[in-house]
Colleague: 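This structure is in structure tokens; I'll ask about it shortly.
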Amino acid sequence: MPTDRSRALDGDTPDDPEDLLPADSVRSLDEYLEMHAAVGHRTRDEILYRLVHGGDMSPTELEEAIDIDDSTLHYHLDELVDVGLVEKRQRTERGQNGLYTYYRPTVFGEVTLTDGVDELIRGEWEFEDLYDSSADA
């Protein structure tokens, strides 16, 4: 995959990749790397995938969709929240007492998934179509 040199400083690639970040960056390079490491786990990737492509979900909905036990789900949700890919929200539901907890992806979560893992998978399909020799027959 080619390097995006348009983001290099003065047209040169810096020695330290953190130098690619703007001076007023909202995250450090280490924080961005932690985000990518978090989605490097199959369960966390699936949670983020479902939230990005399916919308906000409660823990119960996620447990059923992924077929995962409560403690394991909450461990992975906490990891995603800690790195800033998912946020935990609470609201009241009509006719019910107490708060309803649900999770939703942050902008970082959406971008990390759609411009990261999903993009790599789309690239594989494009690569396959591009180099499929049976298409010429």
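Atom set for the values below is all heavy atoms of this structure, side chains included, hydrogens, waters and symmetry mates excluded. Remember, it's a predicted structure, so these values are computed and weren't measured experimentally.
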Colleague: With rounding to the nearest 0.5 Å, note down the distance linking CD1 in Ile47 to CZ in Arg42.
Modeller: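 Reported value, rounded in 0.5 Å steps: 11.0 Å.
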Colleague: Would you please test Val86 and Leu48 for side-chain contact (heavy atoms from CB on, under 4.5 Å) and show each step?
Modeller: CA-CA 7 Å; Val86 168; Leu48 186 59; 3.9 Å; yes
Colleague: Mind checking the CG-CE spacing from Leu62 to Met57? Nearest 0.5 Å is all I need.
Modeller: 4.5 Å
Colleague: Going by side chain to side chain contact (heavy atoms under 4.5 Å, CB included), name the residues that satisfy it together with Arg27, two or more places apart in sequence or in a different chain.
Modeller: Glu31, Tyr32, Met35, Phe108
Colleague: Identify the two heavy atoms, one from Leu51 and one from Tyr103, that lie closest to each other, and give their separation to 0.1 Å.
Modeller: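 Heavy atoms of Leu51 and Tyr103 come nearest at CD2-O, 3.4 Å.
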Colleague: Between Glu18 (side chain) and Leu29 (backbone), is there a donor-acceptor pair under 3.5 Å?
Modeller: yes
Colleague: Would Asp45 and Leu113 satisfy side-chain contact (heavy atoms from CB on, under 4.5 Å), going step by step from the backbone distance to the final call?
Modeller: CA-CA 8 Å; Asp45 176 69; Leu113 186 76; 3.5 Å; yes
Colleague: Which salt bridge (charged side-chain N to carboxylate O under 4.0 Å, His left out) pairs, counting each pair once, include a residue from residues 64-91, with sequence neighbours left out?
Modeller: Glu87-Arg104, Arg91-Glu93
Colleague: Which heavy atom in Leu80 sits nearest to a heavy atom in Ala38, and how many Å separate them?
Modeller: CD2-CB, 4.4 Å
Colleague: To check you understand the geometry: which heavy-atom pair defines the closest contact between Val52 and Pro105, and what is its length?
Modeller: CG2-CB, 3.8 Å
Colleague: Just how far is it from atom OG1 of Thr43 to atom CG of Leu77, taken to the nearest 0.5 Å?
Modeller: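 It comes to 10.5 Å.
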Colleague: Mind jotting down which residue pairs meet the ring pair (Phe, Tyr, Trp, His ring centres under 6.0 Å) criterion with at least one end in residues 48-76? Sequence neighbours excluded, please.
Modeller: His41-His76, Tyr49-His53
Colleague: Less than 4.5 Å apart, side chain to side chain, heavy atoms only: is that true for Gln90 and Thr101?
Modeller: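 Side chain of Gln90 against side chain of Thr101, heavy atoms only: contact under 4.5 Å found.
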Colleague: Establish whether Leu85 and Val26 are linked, either directly or via other cluster members, by ILVMFWY side-chain heavy-atom contacts under 4.5 Å.
Modeller: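 Same hydrophobic cluster.
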Colleague: Is it true that a side-chain atom of Ser58 and a backbone atom of Tyr102 form a donor plus acceptor pair closer than 3.5 Å?
Modeller: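 Such a contact is absent between Ser58 side chain and Tyr102 backbone.
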